[in-house]
Amino acid sequence: DDEIAELSHVTNLTKISSLYDRGRYYQLQKEKYPELSQNELAAQIGIASSALGYALQAYEVPLPIYQIFPSKTELGRTQTQALYKLTKSLSDDELDALIATCQDADLQSSDKEAMEFIKAAVSVSPATQTDKTEAIGKIRVKAKGTKLQIEAPDEATLEEIYQLLQNKYL
């Protein structure tokens, strides 16, 4: 039993940390040195700025979402980037609903199946399915979920656009 415990301990020490775990560590470093930019922090740690960014993004994906994946937080960069982009495209309410769905879901049999489950759960949300385009004067506003796309004529000032959006959406 002691030999097995020692082997387990050595394996845990030599195992490469997941993007999520590295992101958690880098976030702590970011909070410890708030005066450093991402590039400066990466240089201080001794890694590429892009590696720091990917890890921080992996950490921003809520932990309950990872829990339906067989590999948990051990997902690769491509999958964590997909999860990051997907979760950032959701409103707070939609993200809360996705987290609740994942907490209630069973562990999926493969990472691919888990990703499909999450995409299906998000596509069920009415706010992610509809595009709503409005014309307000000469300004066209296209809303999808929490994102707005604004098309304005050249003569429209930023102040006019801001006032319009504030009156309509805030």
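Computed over heavy atoms, backbone and side chain alike; hydrogens, waters and symmetry mates excluded. This chain uses plain numbering: 1 for the first residue, then up along the sequence.
- With sequence neighbours left out, the ring pair (Phe, Tyr, Trp, His ring centres under 6.0 Å) criterion links Y59 to Y20.
- What you find for L86 and L90 is that their closest heavy atoms are O-CG, 3.3 Å.
- K88 places none of its side-chain heavy atoms less than 4.5 Å from the side chain of L83.
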**Prompt:** Passes side chain to side chain contact (heavy atoms under 4.5 Å, CB included), I68 versus D106? Steps please.
**Reply:** CA-CA 6 Å; I68 66 166; D106 293 328; over 6 Å; no

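- Within a 6.0 Å sphere centred on NZ of K72, other residues, nucleotides and ligands contribute more than 12 heavy atoms.
- Atom-to-atom distance recorded for Q79:CD and K112:NZ is 11.0 Å, nearest 0.5 angstrom.
- Cluster annotation: Y84 and Y66 are assigned to the same hydrophobic cluster (Ile/Leu/Val/Met/Phe/Trp/Tyr, side-chain heavy-atom contacts under 4.5 Å, transitive).
- Counting only N and O atoms by type, the side chains of Q67 and Q103 include no donor and acceptor under 3.5 Å apart.
- Counting heavy atoms from C-beta on, the side chains of T80 and V61 never come closer than 4.5 Å.
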**Message:** Run the side chain to side chain contact (heavy atoms under 4.5 Å, CB included) test on R24 and D21 for me, step by step, so that the C-alpha distance in whole Å, both residues' side-chain angles and the decisive distance to 0.1 Å come before the verdict.
**Reply:** CA-CA 5 Å; R24 182 175 52 192; D21 292 334; 3.3 Å; yes

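- Here the side chain of S71 pairs no donor or acceptor atom with the backbone of E74 at under 3.5 angstrom.
- Between the side chains of E40 and Q44, no donor-acceptor pair is found at a separation under 3.5 Å.
- In the hydrophobic clustering, where aliphatic and aromatic side chains (Ile, Leu, Val, Met, Phe, Trp, Tyr) are joined below 4.5 Å either directly or transitively, L52 groups with Y25, Y26, Y33, L36, L41, I45, I47, L56.
- In summary, of the residues considered (D93, D92, I99), a side-chain contact (heavy atoms from CB on, under 4.5 Å) with L95 occurs for I99 alone.
- Counting only distance, with no hydrogens or angles, the side chain of R22 and the backbone of S17 share a donor-acceptor pair below 3.5 Å.
- The environment of CD in E31 is crowded: more than 12 heavy-atom neighbours from other residues, nucleotides or ligands sit within 6.0 Å.
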**Item:** Trace of the side chain to side chain contact (heavy atoms under 4.5 Å, CB included) decision for L107 with F69
**Value:** CA-CA 6 Å; L107 179 68; F69 287 85; 5.8 Å; no

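- For the atom pair SG (C102) and CG (L63), the distance works out to 11.0 Å, reported to the nearest 0.5 Å.
- In this structure, Q27 CD and E60 CD are separated by 7.5 Å, a value rounded to the nearest 0.5 Å.
- With hydrogens and angles ignored, the 3.5 Å screen pairs a side-chain donor or acceptor of E94 with a backbone N or O of S91.
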**Request:** Please lay out, stage by stage, how L75 and D111 fare under the test side chain to side chain contact (heavy atoms under 4.5 Å, CB included).
**Result:** CA-CA 8 Å; L75 295 173; D111 289 342; 3.5 Å; yes

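- Here CD of E113 is found 11.5 Å from CD1 of I118. Values are rounded to the nearest 0.5 Å.
- A donor-acceptor contact shorter than 3.5 Å links the side chain of Q38 to the backbone of S49.
- Expressed to the nearest 0.5 Å, how far CZ of F117 lies from CG of L98 amounts to 8.0 Å.
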